[in-house]
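Chain naming here is simple, since letters A, B, ... match the order of the sequence lines and numbering starts at 1 in each.
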Amino acid sequence: MQYQAAVAWGYMAAAMEGLNRVERLASESAVVVFSVSTCCMCHAVKRLFCGMGVSPAVVELDHEPHGDDMARALARLLGCHGPSAVVPVVFIGGKLVGAMDRVMAAHINGSLVPLLKQAGALWL
Amino acid sequence: MKARDQGEGDRNTGLPNQLMATNFFDQEGAAYFGELEEALMHGVAGITSEQEETSFCTSRPPTLEIFPSWPIRFQQASKTEGSTDSGSVQNTISQMNSEESPGSRKASSELSGKQKEEMASDAPQTNQKLKTQEKRRLVGSTSDKDGKELDPKTLKRLSQNREAAKKSRLRKKAYIQQLESSRIKLTQLEQDLQRARAQGIFLGGCGTDGNVSSVFDMEYSRWLDEGCKNTMELRQGLEVHLPDADLRVIVDKCLTHYDELSQLKATAAKSDVFHIITGMWATPAERCFLWMGGFKPSELLRVIMPQLDPLTEQQLVGLYNLQQSSQQAEEALYQGLEQFQHSLANSVAGDSLIESANVGNYMGHMALAIGKLANLEGFVRQADNLRQQSLHQMHRILTIRQAARCFLAIDEYHSRLRALSSLWASRPRENLMNESAVPVTTELQIVQQPVDGHFSGF
């Protein structure tokens, strides 16, 4: 009983840890991209920002301590449970924008640029 | 009818002596009996082996060597046989087998031909005629045992006719059997197709691997049909100047229609991404313009925009921005896909393309490659998402009337691409062939007259 409680507490602690780290990192820069170094879609989102003249802060989860916890926290934030990869996840101005499809949709409907300008990632 | 030798009767299985024809020469009769046997087997059981036939044809009674009126070649053979061992049936028979004398065979051919007509009546018409004519001639000439008038050439021809007739009967039989089985297969296929069509609607998300592509193709063709209806409605709505409210309904239907396709493709890509991304469901001309499994949004916009006039300043800016952001998104996706390809290529190549890798290594690399392939689905999904978003944004920027014209233009453009594919597929090709075939044709005309007919089309 105590063991199970301890395990559950352990999970919760890890989850808290992950979420804390995510939130901390997300608010450190105007544009933060949570990525995995080998992920091709992450590469695409990085190229998208670079193409717009934005240099995002990239957090490579496979190189970070507690990367797994952060990945799980991100999954919970996005509300995705499936085996598909969580990353890339984009934060602008400390606020969650979402995964690749959200970022693309935001760019197409013209809401991404104002958001970037507001966060100070884009000038002019 | 003379009774046959008992030995002969025993050799030839089963048939009673009365049936054996004996008002001809005995050799003839033996051969004739062989042919009769063969004919019966044709009529009843089908195909007899050549081996049996030859043995039957060339079986001879012991009295073979007595008759001097046979053709010389045959007589010499018979004489040698007679001198060595007149009593031995076996030797004679084996000798006859190896010699394969034409005379008796020809004689027997006519008789057997007659019998075959009676028993299995599908001999070709010309052969039948020939046989009746020859039969008459033979009857006339063989009524007396001396002074045979049988022409060796005629006999040879008769035997060849017999062979040809038999061959064509066999071919015909085989062909008919083939036709029958094909017919049965065809009806089965038709039933399966009907069943599959009926079930096709329900198979939507749960197809097996081999099935998914064909399910998607079916659903896509249905999607195209719906699209045609929408296009017609749009056209009519614009012509009759429907009020905006009604036009809006139609335009929304069109937008939903395109969303449906994205959904269909996403479902199919889960099981068979290659089918979607290589555009096997699209026509060749569409495939030429294929970008990540569909149309390229910025390119479509570039084509459509000039035809959307008149546009306000604001709308122009909005559309220009849309084109810009589409291009940026497309570029980003494309670079992501490139990196995917590099990574996949590295996995496939492994580290030992030249020296044969050990099985474990090979399988390891392949497994890695397969794991990476899962990412391809993500790219197709993002590309479809981009297409969807672009269409929605166009809808937002334009007025209802303009949006109706916009969707009409998009539909028409794609249907023209499909028409281009059909035209290209059915283009006349003689022009191409003529240039290369002319020297060949003349050559062939000189050398081989019969082939001339093949080139008459040019």
Side chains of B:Q323 and B:Q327, donor plus acceptor under 3.5 Å: no
B:Y334 portion near chain A, given a 4.5 angstrom heavy-atom threshold: neither
Evaluation steps, ring pair (Phe, Tyr, Trp, His ring centres under 6.0 Å), between B:H257 and B:F407: CA-CA 11 Å; B:H257 184 64; B:F407 283 116; over 10 Å; no
Most chain A-contacting option - heavy-atom pairs closer than 4.5 Å, from B:E377, B:Q389, B:R396: B:Q389
Heavy-atom proximity to chain A below 4.5 Å, by part of B:N321: neither
Contact winner vs chain A - B:Q388, B:H392, B:Q393, B:Q324, heavy-atom pairs under 4.5 Å: B:Q393
Salt-bridge present (B:D384, B:R381; N to O < 4.0 Å): no
Proximal to chain B - members of residues 10-41 of chain A, heavy-atom separation under 4.5 Å: A:C39, A:C40, A:M41
Distance in Å, B:L344 CG paired with B:L373 CG, rounded so as to fall on 0.5 Å steps: 5.0 Å
Beyond-backbone contact of B:L238 with B:R401, side-chain heavy atoms, under 4.5 angstrom: yes
Separation between CG of A:L74 and CZ of A:R76, rounded to the nearest 0.5 Å: 10.0 Å
Which of B:S325, B:S326, B:S390 touches chain A most, by non-hydrogen pairs under 4.5 Å: B:S325
Flag for B:Q402-B:R405: side-chain donor and acceptor within less than 3.5 Å: no
Pairwise distance CD1(B:I276) to CG(B:L376) - rounded to 0.5 angstrom: 11.0 Å
Proximity of residues 94-114 of chain A to chain B, residues having a non-hydrogen atom under 4.5 angstrom: A:M100, A:D101, A:M104, A:A105, A:H107, A:I108, A:N109
Heavy atoms of other groups near A:Q118 CD, more than 12 under 6.0 Å: no
Euclidean distance, B:D217 CG relative to B:W223 CH2, rounded to 0.5 Å: 14.0 Å
Most chain A-contacting option - heavy-atom pairs closer than 4.5 Å, from B:G378, B:P297, B:A329, B:G336: B:G336
Nearest atoms (heavy-atom pairs only) where A:G53 meets A:L122: O-CD2, 4.4 Å
For chain A, the option from B:I397, B:L386, B:L337 that forms the most heavy-atom pairs under 4.5 Å: B:L386
Donor-acceptor pair, side chain of B:K265 and main chain of B:G293, under 3.5 angstrom: yes
Check ion pair B:E412-B:R416 (N to O, under 4.0 angstrom): yes
Donor-acceptor pair, side chain of B:T231 and main chain of B:G227, under 3.5 angstrom: yes
Summary of salt bridge (charged side-chain N to carboxylate O under 4.0 Å, His left out) pairs that have at least one residue in residues 50-66 of chain A, sequence neighbours excluded: A:K46-A:E60
Backbone N/O of B:S298 and side chain of B:E330: donor-acceptor pair under 3.5 Å: yes
Chain A contact residues among residues 305-319 of chain B, heavy-atom distance under 4.5 Å: none
